Amino acid sequence: MRITVKQQVLLAPATILFLLILLLGFMQYTYWDLSSKRQEAKAIGTTFIAVAEADMAARRLHVLLRTMQHTGMAAPEEMALVADLYERMLTSVARVKPFGPLKESGHISHLLTLAENLNPADSPEIEKTAESFALFRTELSTLSNITQIYRNQLRMSQDQDINQLVERTATVSMFVLVLAILLGLLISIYFSRRILNRVQMLSHNAVRIADGKLELPPAPDHIRDELDTLAVSINRMTKRLITVVGTEKLLEGAEEERRRIAMDLHDQSLSDLSSILRGLQNLPENVNDQETQEKTRKLEEDLERAISNLRDIMNNLHPQTLDILGLGAAIETHLEHHCDSDDLPEYNLYIDPEVDNLGLDRLKQLALYRIAIEAIQNVIKHAAASRYEVNLEIRENTLVLSVEDNGKGIPAENRGADGRGLNNIRERSRAISAEVNWKPSRFSSGTRFELVLNCETLSLTETA
Ligand SMILES: Nc1ncnc2c1ncn2[C@@H]1O[C@H](COP(=O)(O)OP(=O)(O)O)[C@@H](O)[C@H]1O
Ligand SMILES: [Mg+2]
C-alpha cells in the first residue's frame, strides 16, 4: 500500500483525534440517556400532582352536586362554582402524562371517558351521580398508586443508574485516553523511526557520493512514498555520474596517451631526424657534382619541413606551451603560429590576466584549450568570416570563453545534427561541468560560441 510521508506523519495525531471524537460521541449518548430519564421523572411528578388535583376537584364537585340534588334548587353562584370545578377537574385529567406502564395500558383514556360522564350539565339522578363519582375516584386512586410505585422504582433505579453512569463514563474515558496516548505514541515512534532511518541512509549515501565514492546506492523495487522516489533519483543520479566520471577518466587517459606519444616522438623520431639533418648539413662541401649538391640541398629542405611538421603534430598531440606558459599563452601561441596569415580572417584576442591565478587543473586547461582551438578552426573552416574575436575572461565567479565571428552563421540544416568537432566540444565541456552554447553573434552576422565554467569551487579551493 502506498502511504505518503505526509500521511505517515499525520497518522498518529489523526488516530488520537479519531479516538477522542469517539469518546465525545459516547459522552453525548450518556447525556442523552440521562436527560430522557429526567424527562420521565418530570412527567411522573406532573401526573402525580394532576391526579391529586383532579381527585380534590371531583370530591368537592360531588359534595356540591349532592347538596343541590337534595335541596332541589341551585343558586346561580353555585351553578358557576359547579361549572368551574368541573372545568378544573377536566384540565387536571388532561395534564396526566403517559409514562412507563401508563403508555400502553388504556388507563388514561378510561379516566377521560369517566370524567366526561360526570358533566353536571347532563343532570343525572342522585344514585347514578354517586356511582359515577365512585368509579372516577377509584380510577384516580389506581392511577395514583401506579404513579407512586413507578416513581419509587424510578428513583431507586435512577440513583443506581447515575452511579453506574459515572463509573462507566470514568472507565471508558480513562480507557480511551490511555489507548489514544499509547496508540499515538506507538504509531509516531514506528513511522518516525522508519522515516528517520531512511532519511539517514539517503543522506549517508549522498555524502558518500559527494565525497567521490561512486558506489551505486540501493534503490527500492517499488515506490511506496516520496523517500523511495528520492532513493531511486539518487540511484539514477549516481549511475549518470559514474558515466560522466568514466568519460572524464577516458579523456584523461587519452590525454595522457597523447602526451606519451608526443614525448616518444620528441625523444625518438625528432632526435633521429635532427641527427640525419645534422649529418646532411655536415657533408663535405667540396662535392663538385652540381646535381649531387642540388639533391642534397633538396633533401635538407624536405627534412626541415618534415621536422617542422612533426613539431606541429607533437604540439597538436600535447601542447607543451600549456604546461609551460598556461592556458592563455597556449591559445595565443596557437593563433600566432597557425592563424596569423593574410589569407585567413583577422582576429582579436583578449585573455584576462587573472585566468592563470584561478588554479585550473591540467585536465580543465587541456579541455578548454582543445575547445578553443576547435571553435577557432570552425570559424576558419566554415564561417567565411573576415574577422573574429577570442575572449577568455572572468565574470562574476565564472570563466567565460567566447569565439565570435562575423561570418555566415551555422546553416540551419547543421544546427540539429552536430559534426564530430561540435560533439567533441560538448563532451569535453560536460567532463569539466561547463556549459556551452552557440547563438547569433553581436556582429551584423555570424556565430558566437560561448563556454561558461563555474569557478566558485575553484576559488574556494584556492582560498582554502
Ligand atoms: N563558426 C561557424 N560558422 C558557421 N558554421 C559553423 C561554425 N561552426 C560550426 N559550423 C557548422 O557546423 C558544422 C559542424 O561542425 P563540426 O562539428 O566542427 O564539424 P567539422 O569537423 O566539419 O568541423 C560545420 O559543418 C559547419 O557547417
Ligand atoms: Mg570543426
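Positions are given from 1 along the sequence. Only a predicted model underlies this, so the values are computations on that prediction, with no experimental measurement involved. For ligands, and for the atoms within them, numbers begin at 1 and follow the listed sequence.
- In E374, the N, O or S atom that comes nearest to the Mg ion (ligand 2) is OE2.
- Of all the atoms in ligand 1, the ones that sit under 4.0 Å from a non-hydrogen atom of G419 are 14 (C), 17 (O).
- Residues H337 and D312 form no side-chain contact, since every pair of their non-hydrogen atoms from C-beta on lies 4.5 Å or further apart.
- Taking only nitrogen or oxygen atoms, main chain and side chain alike, N423 does not reach within less than 3.5 Å of ligand 1.
- Note on ligand 1: Q377 sits outside its first shell, no heavy atom being nearer than 4.0 Å.
- Residue contact check: I410 has heavy atoms under 4.0 Å from atoms 4 (C), 5 (N), 6 (C), 7 (C), 10 (N), 11 (C) of ligand 1.
- The distance from ligand 1 to the heavy atoms of N378 drops below 4.0 Å at these ligand atoms: 8 (N), 9 (C), 18 (O), 23 (O).
- When non-hydrogen atoms are compared, ligand 1 lies under 4.0 Å from the side chain of P411 (C-beta onward) but not from its backbone.
- Because the distance cut-off is set at 2.8 Å, Q377 fails to qualify as a neighbour of the Mg ion (ligand 2), as none of its N, O or S atoms comes that close.
- At a heavy-atom distance under 4.0 Å, only side-chain atoms of K381, from C-beta outward, approach ligand 1.
- At least one N/O-N/O distance between D405 and ligand 1 falls below 3.5 Å.
- The side-chain contact (heavy atoms from CB on, under 4.5 Å) test with R259 singles out one residue from H318, Q320, M314, and that residue is H318.
- Those atoms of ligand 1 that come under 4.0 Å of a heavy atom in E374, given as number and element, are 18 (O), 23 (O).
- Residue V379 has no N or O atom closer than 3.5 Å to an N or O atom of ligand 1.
- Close contacts between ligand 1 and G409 involve ligand atoms 4 (C), 5 (N) [criterion: under 4.0 Å to a heavy atom].
- Distance alone, capped at 3.5 Å, is enough to place a donor-acceptor pair between the Q365 side chain and the L360 backbone.
- For the residue pair E374/N424, the side-chain donor-acceptor check at 3.5 Å is not satisfied.
- Relative orientation of the F449 and W438 rings is tilted, given thresholds of 30° and 60° on the angle between their planes.
- Under the 3.5 Å distance criterion, the side-chain polar atoms of N391 are left unmatched by any main-chain donor or acceptor of E393.
- In this structure, OG1 in T30 is found 5.5 Å from CG in L165, a value given to the nearest 0.5 Å.
- Look at G407 and you'll find every heavy atom at least 4.0 Å from all atoms of ligand 1.
- In this structure, the side chain of N406 does not engage the main chain of G446 through any donor-acceptor pair within 3.5 Å.
- Between the OG atom in S188 and the CD1 atom in I16 there is a gap of 7.5 Å [rounded to 0.5 Å].
- Any N or O atom pair closer than 3.5 Å counts here, and G421 shares at least one such pair with ligand 1.
- Side-chain atoms of T447 do not come within 3.5 Å of backbone N or O of S441 as any donor-acceptor pair.
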